[in-house]
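Ligands are counted one by one from 1 in listed order, and the atoms in each one are counted from 1 as well. Only this structure's heavy atoms are used, side chains among them; waters, hydrogens and symmetry mates stay out.
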Amino acid sequence: MIASDRMPAFELYQPLGLKEAFGLLDRFGRDGWKLAGGNDSLDWFKARIKRPRAVIDLTAIQGLAGVRETDEGIEIGALTTLAALDRDPLVRGRFRLLADAAAAVASPQIRNTGTIGGNIAQHARCWYYRSGLQCYRAGGDTCFARRAESVNREHAVFDAGRCVAVNPSDVAPALAALDAQMVLQSSKTQRVVGADRFFVGTQVDVTSLNCIGPDEILVSIRLPKAWAGAHFYFEKVADRAVWDFPLVNVAAALSVAGGQIARARIACGAVSAVPRRLPAVEAAIVGRAIGEETAILAGKLATRGAQPLAYNGFKLPLTAGLVTRAVRDARA
Ligand SMILES: Cc1cc2nc3c(=O)[nH]c(=O)nc-3n(C[C@H](O)[C@H](O)[C@H](O)COP(=O)(O)OP(=O)(O)OC[C@H]3O[C@@H](n4cnc5c(N)ncnc54)[C@H](O)[C@@H]3O)c2cc1C
């Protein structure tokens, strides 16, 4: 039973600049917790499962929020809220896929405070893990969700390793489809990593869904202009229309020339620990005419290699249907 009443005490820091924030991260290491909108973080604290010694609130740091145009495309500050993304003219006008994904998250209240950085760095929503059980993801030596009698309808149908939790973000597959680059900074270095390396599976790290180091802050996300104004499609299926995580979602970016698909990037979310790109589908549809036949082919290929658990087999036809619709209905 989780006691969601009072948070354990921690030291709260509200740095005004990155230099100060890095100093705090270097000082506290794994005992420090970065705070953005708090929608995921406060749940953990109230449940007393994550007990950081210091919480470093990033929201007062100048320059971490907002969208700006660059020579290469656009750069989005990691502290930009999901609501701001949805109504930003650059994002809506050129990368509608991301705006649509942001608009599909949770509820207006959560989108008003939840940030793009926090959304793609949020922890897994496996209920065993979030109940504080000592599973692999929590540093233990078992996966409770994988057991035959377990409730695992929300869990992975692809590439499950020791842990079968999925990445629950609606924004993550849109970033994978848009070939986004994440900018990670520490007191010593800056590195820029693509979505394929930013999101990590259990074979890389069973305790985290991303590669952000304890000393690093995700400062921004870059979208290359190569995909600006492409044909886009985002759809999410959840148990409830609002305030609910995806059972499966799909994000597609297609560039179309003369009625044919010239380039394609498609990713599905909530089916594995990472937003899952579909390279076999992408390769099969490039060079084909956009339309029903190509869409059906895409849907058929979308679930190859799937390994459902006891209660999540429904995700296979769902994924196939969403990918079919994404290829058929993507629009500029
Ligand atoms: C009831 C409910 C329903 C939800 N439904 C959905 C949904 O349908 N779809 C969906 O995609 N999401 C959903 N969410 C998650 C929500 O979208 C939040 O945006 C997200 O969990 C966290 O964003 P935040 O800014 O509040 O981050 P926080 O809670 O502040 O942080 C989340 C994590 O990210 C880390 N972090 C945050 N910012 C940075 C940074 N700049 N650099 C490094 N690390 C950072 C924090 O340390 C923490 O580990 C839901 C959440 C709730 C509570």
Side-chain angles (χ1 to χ4, degrees), residues 4 10 12-15 18 21-22 24-25 28 30-47 49-50 52 54-61 63-65 76-86 98 100-125 130 137 154 166-175 182-186 190-191 193 198-199 207-221 234-249 251 269-270 275:
S4 290
F10 50 74
L12 176 65
Y13 294 87
Q14 297 181 299
L18 274 175
F22 292 134
L24 290 162
L25 293 178
F28 289 104
R30 291 193 179 276
D31 289 331
W33 182 285
K34 289 152 258 186
L35 184 75
N39 292 289
D40 194 20
S41 304
L42 297 186
D43 270 357
W44 286 113
F45 303 163
K46 286 195 283 184
I49 295 169
K50 309 269 186 197
V55 171
I56 298 141
D57 179 357
L58 306 177
T59 54
I61 299 176
L64 285 188
I76 302 164
L79 272 282
T80 309
T81 64
L82 298 167
L85 264 189
D86 177 25
L98 179 59
D100 288 349
V105 169
S107 64
Q109 291 90 335
I110 290 172
R111 295 195 294 273
N112 278 336
T113 52
T115 63
I116 184 170
N119 184 275
I120 64 169
Q122 64 178 297
H123 293 245
R125 284 271 158 186
R130 294 193 81 102
R137 190 159 289 279
E154 291 95 358
V166 297
N167 188 311
S169 166
D170 283 311
V171 171
L175 294 182
M182 303 344 140
V183 183
L184 298 169
Q185 208 172 315
S186 72
Q190 186 186 83
R191 59 188 180 120
V193 296
F198 177 82
F199 298 105
T207 65
S208 179
L209 293 173
N210 61 70
C211 73
I212 306 173
D215 61 339
E216 287 179 316
I217 292 175
L218 170 65
V219 289
S220 66
I221 294 154
F234 181 85
E235 189 176 350
K236 158 188 185 171
V237 173
D239 284 324
R240 293 181 304 196
V242 289
W243 216 45
D244 208 357
F245 289 89
L247 289 166
V248 181
N249 58 27

For [atom], find the nearest protein heavy atom and state the residue, atom name and distance (0.1 Å precision).
{"atom": "atom 42 (N) of ligand 1", "value": "L218 N, 2.9 Å"}
{"atom": "atom 13 (C) of ligand 1", "value": "F245 CE2, 3.2 Å"}
{"atom": "atom 19 (O) of ligand 1", "value": "G114 CA, 3.6 Å"}
{"atom": "atom 31 (O) of ligand 1", "value": "S41 OG, 3.3 Å"}
{"atom": "atom 18 (C) of ligand 1", "value": "N39 CB, 3.9 Å"}
{"atom": "atom 38 (N) of ligand 1", "value": "A36 CB, 3.5 Å"}
{"atom": "atom 33 (C) of ligand 1", "value": "A121 O, 3.6 Å"}
{"atom": "atom 39 (C) of ligand 1", "value": "L58 CD1, 4.1 Å"}

With a 4.5 Å limit on heavy-atom distance, are the side chains of [X] and [Y] in contact?
{"X": "D43", "Y": "R130", "result": "yes"}
{"X": "Q14", "Y": "I56", "result": "no"}
{"X": "T81", "Y": "T113", "result": "no"}
{"X": "Y13", "Y": "V55", "result": "no"}

* Asked: Are R125 and D40 within salt-bridge range, i.e. N to O under 4.0 Å?
  -> yes
Side chain, backbone, both or neither: which part of [X] has a heavy atom under 4.0 Å from ligand 1?
{"X": "R111", "result": "neither"}
{"X": "T115", "result": "both"}
{"X": "I110", "result": "side chain"}

Taking only heavy atoms of [X] into account, list the atoms of ligand 1 that are under 4.0 Å away from them.
{"X": "D244", "answer": "7 (C), 8 (O)"}
{"X": "G37", "answer": "24 (P), 25 (O), 26 (O), 27 (O), 30 (O)"}
{"X": "S169", "answer": "11 (O)"}
{"X": "G38", "answer": "24 (P), 26 (O), 27 (O), 28 (P), 29 (O), 30 (O)"}
{"X": "H123", "answer": "49 (O)"}
{"X": "K34", "answer": "43 (C), 44 (N), 46 (C), 47 (O)"}
{"X": "Q122", "answer": "10 (C), 11 (O), 12 (N), 15 (C), 21 (O)"}

* Hey, looking at atom 32 (C) of ligand 1, which of P168, G117, G118, A106 has the closest heavy atom? -> G118
Close N or O approach ([X], ligand 1; < 3.5 Å):
{"X": "N119", "answer": "yes"}
{"X": "D40", "answer": "yes"}
{"X": "D170", "answer": "yes"}

Gap separating the [atom1] atom of [X] from the [atom2] atom of [Y], nearest 0.5 angstrom:
{"X": "N210", "Y": "Q122", "atom1": "CG", "atom2": "CD", "value": "10.5 Å"}
{"X": "L58", "Y": "L18", "atom1": "CG", "atom2": "CG", "value": "8.5 Å"}
{"X": "L35", "Y": "F45", "atom1": "CG", "atom2": "CZ", "value": "6.0 Å"}

* Under the criterion side-chain hydrogen bond (donor to acceptor under 3.5 Å, both in side chains), which of Q190, Q185, R191 is the partner of E216? ->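 It is R191; the other options fail the test.
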* Taking R111 for the side chain and V105 for the main chain, is one N or O donor matched with an acceptor at less than 3.5 Å? ->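 Between the backbone of V105 and the side chain of R111 there is a qualifying donor-acceptor contact (under 3.5 Å).
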* Asked: Is there a donor-acceptor contact under 3.5 Å from the side chain of K236 to the main chain of G269?
  -> no
* Asked: Counting heavy atoms not belonging to R240, are there more than 12 under 6.0 Å from its CZ?
  ->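 For R240, atom CZ is crowded (more than 12 foreign heavy atoms under 6.0 Å).
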* Heavy-atom pair of closest approach, residues I212 and A121 -> CD1-CB, 3.9 Å
